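These notes are about the structure you will find just below.
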Amino acid sequence: MKTLKNKVAIVTGASRGIGLAIAENLAQYGVKLALISTNLDTITKVAKDISEKYGVETLALQIDVKSADEINAGVKKVLDSFSQIDIMVNNAGITRDNLIIRMKEDDWSQVIDTNLKGAFSFCKAVTRPMMKKRTGVIINISSVVGIMGNAGQSNYAAAKAGMIGLTKSLAKELGARNIRVNAIAPGFIVSKMTEEIPEKSKDEMLSRIPLGNFGEAKNIADCVSFLSSSMGNYITGSVIQVDGGLNM
Ligand code: NAP
């Protein structure tokens, strides 16, 4: 992954879980990082820890991805600090699960605005600097649920399916400028988001995973680093499932 050294990446939702693992994985290859969360104290500590551990420059930014204004101001700060943006990882996401008959309009809007509109706004904000440089990598963290659907997650599945449409459209739009756009569709990855799932549902899920175990955040992070590096140079518009075989 030599080609990653001194590249600049923005990672949203980097305060914990999959986003934190993505940030650490990129840092280990020498990538400079702009790390995003809604909590300034947490993300400042994460950025400091990563900087000390891996010796890379980091910038902590408090941004609510639902706000395009905050995103535009944040991207400007990244450019002021690092002069370029090579890699954009749209990872921030939430769930507000419920069956459709009980789902409130706000549960729908919060999930769509965070998971899908947030990714759209960041893609839009980084496209101009990437187009200018005629190079860039965008990676959207979708979900197998966006491909398979899932009862009780119509808002989340719609947002994650939307990210796949966004990814493929931007891959077609931006390919000529050498900007690669891909999605990763994780299966069941152990994290805070999945802690809340009842044991019975977890056992049922496990029985449907051919590899027989849940994934780890590192499995997603490894895929992000691979796609970001020159090893992924001929990959765009793809949805890479990292799910132990759950969906096939
Ligand atoms: P997590 O532990 O709940 O972390 C979510 C991250 O998103 C946190 O860093 C959180 O930061 C950030 N975030 C939430 N709302 C935000 C907002 N409005 N603005 C900015 N940041 C926000 O979740 P995870 O399991 O690591 O999931 C990461 C991504 O992978 C999500 O997109 C999720 O849908 C996807 N995914 C996860 C799984 C899984 O099994 N875990 C499977 C498929 C897909 P703060 O709270 O600090 O703001």
Side-chain angles (χ1 to χ4, degrees), residues 10-25 33-47 50 60-75 88-97 106-107 109-122 125 139-150 153 155-164 166-167 183-197 201-202 205-206 208-209 213-221 223-224 239-244 246-247:
I10 300 177
V11 182
T12 69
S15 60
R16 59 173 185 266
I18 294 172
L20 175 59
I22 291 170
E24 293 211 68
N25 207 292
L33 293 167
L35 302 174
I36 316 292
S37 140
T38 57
N39 186 317
L40 187 60
D41 288 345
T42 311
I43 204 66
T44 302
K45 185 173 181 319
V46 165
I50 289 181
L61 292 171
Q62 179 180 28
I63 293 176
D64 181 339
V65 299
K66 296 196 290 304
S67 164
D69 288 345
E70 289 183 28
I71 287 174
N72 292 336
V75 166
M88 175 72 232
V89 185
N90 285 304
N91 165 79
I94 57 166
T95 50
R96 294 281 185 278
D97 297 352
D106 190 55
D107 296 331
S109 310
Q110 291 290 326
V111 169
I112 299 292
D113 287 355
T114 305
N115 299 10
L116 181 56
K117 183 175 159 273
F120 156 75
S121 300
F122 254 116
I139 298 168
N140 294 320
I141 307 300
S142 174
S143 168
V144 282
V145 163
I147 303 167
M148 304 161 71
N150 197 20
Q153 287 199 308
N155 50 357
Y156 183 79
K160 294 300 186 183
M163 284 180 101
I164 292 173
L166 174 72
T167 299
I184 295 175
F188 191 108
I189 307 297
V190 178
S191 75
K192 186 164 178 282
M193 189 178 272
T194 48
E195 263 171 23
E196 290 144 28
I197 298 173
S201 310
K202 282 189 191 171
M205 189 88 75
L206 205 48
R208 291 193 285 136
I209 300 173
N213 58 282
F214 297 133
E216 292 172 14
K218 187 182 180 303
N219 301 135
I220 309 305
C223 189
V224 168
V239 182
I240 301 189
Q241 294 181 202
V242 182
D243 66 354
L246 174 64
N247 179 53

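Ligands are counted one by one from 1 in listed order, and the atoms in each one are counted from 1 as well. Predicted model only: the values in this text are computed from it and were never measured.
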Residues in side-chain hydrogen bond (donor to acceptor under 3.5 Å, both in side chains) with Asp41, at least two apart?
-> none
side-chain hydrogen bond (donor to acceptor under 3.5 Å, both in side chains) partners for Thr114, two or more places apart = none
Considering only heavy atoms, which protein residues lie less than 4.0 Å from any atom of ligand 1?
-> Gly13, Ala14, Ser15, Arg16, Gly17, Ile18, Ser37, Thr38, Ile63, Asp64, Val65, Lys66, Asn91, Ala92, Gly93, Ile94, Thr114, Ile141, Ser142, Ser143, Tyr156, Lys160, Pro186, Gly187, Phe188, Ile189, Ser191, Lys192, Met193, Thr194
Taking side chain as C-beta onward, heavy atoms only, is Glu70 less than 4.5 Å from Leu61?
-> no
Test item: Leu116 and Met163 side chains (from C-beta on) under 4.5 Å apart, heavy atoms | yes
Contacts of type ring pair (Phe, Tyr, Trp, His ring centres under 6.0 Å), residue Phe120, not counting sequence neighbours | none
Given the options Leu246, Asn219, Asp243, Ile220, Pro186 meets side-chain contact (heavy atoms from CB on, under 4.5 Å) only with Ile220
